[in-house]
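Working notes, beginning with the structure itself.
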Amino acid sequence: MDNRKKCSAISIDHNRISRTGSDKEIIEYAKANNHEIIDLSGKTVVPGFIDAHMHLGPMIYAPLYFDCSKYNSINAITDHLLEKASDNGWIVGKKYDHETIRDKRHLTKNDLDAVSKDIPIFIIHVSGHIAYINSKAMEVRELTSESFIDGGEFGKNENGELNGILYEYAVDAVYRDIPEPSEKQIENCLMDMAPFLHEMGITSVHDSCSDSSNLYRKEGHVYRELAKRDNLPIRINLFLPYQRSEDMKNDMLDANSLLMDRETYHDFFKVSTIKTFADGSLRGGTAAITKPYKETNNYGMLTISEEIIDQYMKAALATQKQLAIHALGDHAVDFVISSYKKYLTKGNDKRWRIEHYGMASDENIFDTEKYGIYSALNPIFLFDTGDAIYEKIDKTLYSRLFRINSLYSKGLKLGFGSDCPVCSCNPLKAIASAINRKSKSGQLINENEKIDIYDAFEIYTSGGAYGSFDENIKGKLLPGYLADMVILDKKLDETCIDDIKVSKTILDGRIVYECS
């Protein structure tokens with residue numbers, strides 16, 4: 001954060017910061033070179049926010065699907081589902097949360113069959129790791145009580161019949177059958193959503209791929225073509241999504257094709273990371289933990305085997321790609337770090353990632369430092385899901401939750417992300433959460449892991465840049481860096497962090513958002 005403390009004024013030239021210094025020095029330089037001058041009038045300028053873990057596709061497609069979060073009961077949802085029947089022959093819903101709905105339970109096949117037995121229905125849980133389908137969707141997918149999928153589960157009732165609940169890879173197995181939006185729809189949805197991202201001060205995202213492991217091919221093509229036309233409204237680092245081993249070779253070929261003509265992208269689009277999952281969601285009870293979820297015999301589940309994770313690590317080394325693995329529960333974190341240690345050497349700069357890093361032991365943190373593992377953390381989870389997590393996990397695991405300070409104080413490079421659309425993508429809310437560590441009910445969660453406001457801003461900016469090997473071109477306010485900036489309406493002060501708002505967002509030297 002030193003550059004934010006020292007820079008008083010900034011001059012932009014050719015979409016990059018050309019000079020920093022005192023107000024007088026820069027104003028004279030700007031006038032001499034016919035640059036626009038913006039008077040901050042006591043406001044604060046920081047680098048553009050870099051969301052280090054977001055699911056951009058599911059976020060931008062939200063208007064295409066039924067929003068379950070608008071309703072407070074299962075009956076209210078099922079009463080309105082038919083209104084969202086789409087031209088592709090499916091009804092698709094998002095953001096169902098059994099914790100906040102009045103009924104306090106998961107949807108079932110019977111609930112959705114009451115809406116229709118003729119139209120396939122697919123509803124995804126807010127966590128993204130559970131989904132619900134009706135009988136017609138089972139028919140389309142040819143599912144039976146004997147159906148099996150590695151790394152997932154098709155839920156069953158007490159009679160051993162499918163109940164319509166899908167867990168982990170079973171979610172993706174059905175999602176693949178839903179007709180995908182066209183490239184034109186993808187482009188339109190992105191352009192419609194971009195102003196909302198700019199309003200949050202977000203100038204770059206690490207796109208941790210869509211729900212569908214096939215859809216990213218279309219998304220990547222759209223993003224690339226927009227970048228080549230200088231029309232991509234946000235900088236995107238697109239991950240290669242999780243695939244089974246037989247698809248990995250095609251993934252690598254797709255990545256190479258997306259990266260053609262890299263010099264024409266003007267630092268707006270890249271594909272550098274392979275992504276997969278080691279477990280599921282703490283909120284949904286599918287994250288792999290070492291103590292059972294309260295009042296159950298459920299330990300969650302690992303969604304990847306040693307054999308498959310070895311294939312991913314070998315593929316990452318062979319293609320010189322970064323590897324990112326989702327791990328929330330302590331058992332999953334142990335598994336991922338133990339796996340990484342087989343292939344990483346001390347002091348390497350491969351920056352293999354742990355996405356979310358929901359729980360960590362002291363030994364995990366030691367190994368994270370030793371092997372140069374990058375942590376993409378989600379402090380917004382503390383506020384949005386902290387109460388639900390506290391209610392679900394054994395109290396002996398509380399001290400392992402989201403150990404931001406323990407990692408950062410070691411000098412490790414971290415990034416902050418939202419996991420949007422699972423949680424809010426507002427960086428200022430996430431920064432507030434990292435500072436105060438409070439849930440919605442006011443519960444303090446692992447208070448020793450608080451960080452200060454300057455560290456939080458640094459993680460959400462230069463930390464995100466480091467996660468995509470872009471630390472020398474963005475994430476700081478220094479000469480030669482990309483001119484991505486956010487003007488805040490107040491000085492940085494953690495005592496009033498909840499009152500700080502984005503006043504302007506500047507992307508590539510252009511004002512793309514201005515508070516009216």
Side-chain angles (χ1 to χ4, degrees), residues 55 57-145 147 152 154-157 161-168 170-190 192-193 196 210-212 214-215 218 281 283-284 420-422:
H55 300 273
M59 178 187 177
I60 65 175
Y61 305 144
L64 302 178
Y65 304 128
F66 182 85
D67 185 357
C68 296
S69 67
K70 293 181 178 180
Y71 304 92
N72 64 1
S73 71
I74 289 175
N75 284 340
I77 290 171
T78 55
D79 283 348
H80 291 87
L81 265 178
L82 282 174
E83 298 171 4
K84 205 64 176 180
S86 65
D87 295 337
N88 67 19
W90 282 70
I91 296 174
V92 180
K94 299 276 186 175
K95 294 187 178 181
Y96 182 82
D97 188 351
H98 71 291
E99 299 281 357
T100 59
I101 205 96
R102 192 167 62 203
D103 304 78
K104 296 291 183 183
R105 68 172 176 85
H106 290 292
L107 289 164
T108 67
K109 171 188 69 174
N110 294 336
D111 296 318
L112 300 180
D113 279 352
V115 176
S116 177
K117 291 185 177 181
D118 301 315
I119 303 172
I121 301 175
F122 177 94
I123 308 292
I124 195 163
H125 189 266
V126 67
S127 68
H129 293 264
I130 302 171
Y132 317 95
I133 57 174
N134 67 344
S135 297
K136 186 63 177 178
M138 293 179 188
E139 179 186 324
V140 170
R141 190 63 179 82
E142 299 181 348
L143 297 178
T144 71
S145 59
S147 295
F154 298 101
K156 297 177 183 178
N157 61 23
E161 301 167 335
L162 294 179
N163 61 10
I165 306 177
L166 312 173
Y167 301 93
E168 299 304 331
V171 175
D172 187 63
V174 176
Y175 193 90
R176 291 187 186 198
D177 289 316
I178 299 173
E180 299 168 351
S182 67
E183 289 192 3
K184 188 60 179 175
Q185 282 180 304
I186 294 171
E187 180 176 336
N188 291 341
C189 286
L190 176 62
D192 288 344
M193 182 58 67
F196 174 74
S210 291
D211 302 81
S212 167
N214 294 314
L215 185 53
K218 280 186 180 178
S281 160
R283 182 186 211 169
C420 190
V422 174

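- Scanning both residues, V126 and R283, for their nearest heavy atoms gives CG1-NH1, 3.5 Å.
- Rounded to the nearest 0.5 Å, atoms CD (Q185) and CG (L190) are 13.5 Å apart.
- Between D103 and I74 the shortest heavy-atom distance is OD1-N, 2.8 Å.
- Side-chain atoms of S135 and D113 form a donor-acceptor pair, as typed in the model, at a separation below 3.5 Å.
- One distance of note links NE2 of H125 with SG of C68; it measures 10.5 Å at 0.5 Å rounding.
- Between C420 and M59, the shortest heavy-atom contact is SG-SD, 3.6 Å.
- Of the charged side-chain nitrogens involved, none lies within less than 4.0 Å of a carboxylate oxygen, so that D97 and K104 do not count as a salt-bridged pair.
- When all heavy atoms are compared, the tightest approach of K109 to L162 is NZ-O, 3.5 Å.
- A salt bridge links E180 with K218; the closest basic N to acidic carboxylate O contact falls under 4.0 Å.
- K70 NZ: 12 or fewer foreign heavy atoms inside a 6.0 Å radius.
- Judged as a salt bridge (Lys or Arg N to Asp or Glu O under 4.0 Å), and not counting sequence neighbours, the contacts of E139 are K136.
- Here the OH-CD1 distance, from Y175 to I133, works out to 14.5 Å after rounding to the nearest 0.5 Å.
- Atom CD1 of I91 is separated from atom CD1 of I178 by 11.0 Å, given to the nearest 0.5 angstrom.
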message: Go through it in stages, so that I can follow the logic: the residues are N134 and D111, the test is side chain to side chain contact (heavy atoms under 4.5 Å, CB included), and I'd like the CA-CA distance, side-chain angles, deciding distance and then a yes or no.
response: CA-CA 8 Å; N134 67 344; D111 296 318; over 6 Å; no

field: Step-by-step side-chain hydrogen bond (donor to acceptor under 3.5 Å, both in side chains) determination, S127 to H129
entry: CA-CA 5 Å; S127 68; H129 293 264; 5.7 Å; no

message: Pair W90, D177 - check side chain to side chain contact (heavy atoms under 4.5 Å, CB included), show working.
response: CA-CA 10 Å; W90 282 70; D177 289 316; 4.2 Å; yes

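- Ring pair F66/Y71 is parallel by interplanar angle, where below 30° counts as parallel and above 60° as perpendicular.
- Distance check: I123 CD1 to Y65 OH gives 12.0 Å after rounding to the nearest 0.5 Å.
- In summary, the side chains of S69 and D67 do present a donor paired with an acceptor at a separation below 3.5 Å, with no hydrogens or angles considered.
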- request: Verify side chain to side chain contact (heavy atoms under 4.5 Å, CB included) between V174 and V140, making sure each step is shown before the conclusion.
  value: CA-CA 9 Å; V174 176; V140 170; over 6 Å; no

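- Closest non-hydrogen pair, P181 versus L64, comes out as CB-CD1, 4.3 Å.
- The shortest heavy-atom contact between K94 and P58 is NZ-CB, 4.4 Å.
- Taking the six-membered ring for Trp and thresholds of 30 and 60 degrees, Y132 and Y96 have ring planes more than 60 degrees apart, a perpendicular arrangement.
- Taking NE2 of H98 as the reference point, atom CG of L107 lies at 10.5 Å (rounded to 0.5 Å).
- In this structure, V171 and I124 have side chains that are in contact, with non-hydrogen atoms separated by less than 4.5 Å.
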What pairs of donor and acceptor atoms, side-chain ones from residues 115-122 against any protein atom, are under 3.5 angstrom apart with sequence neighbours left out?
unit_1, atom_1, unit_2, atom_2, d
S116, OG, D118, N, 3.0
S116, OG, I119, N, 2.9

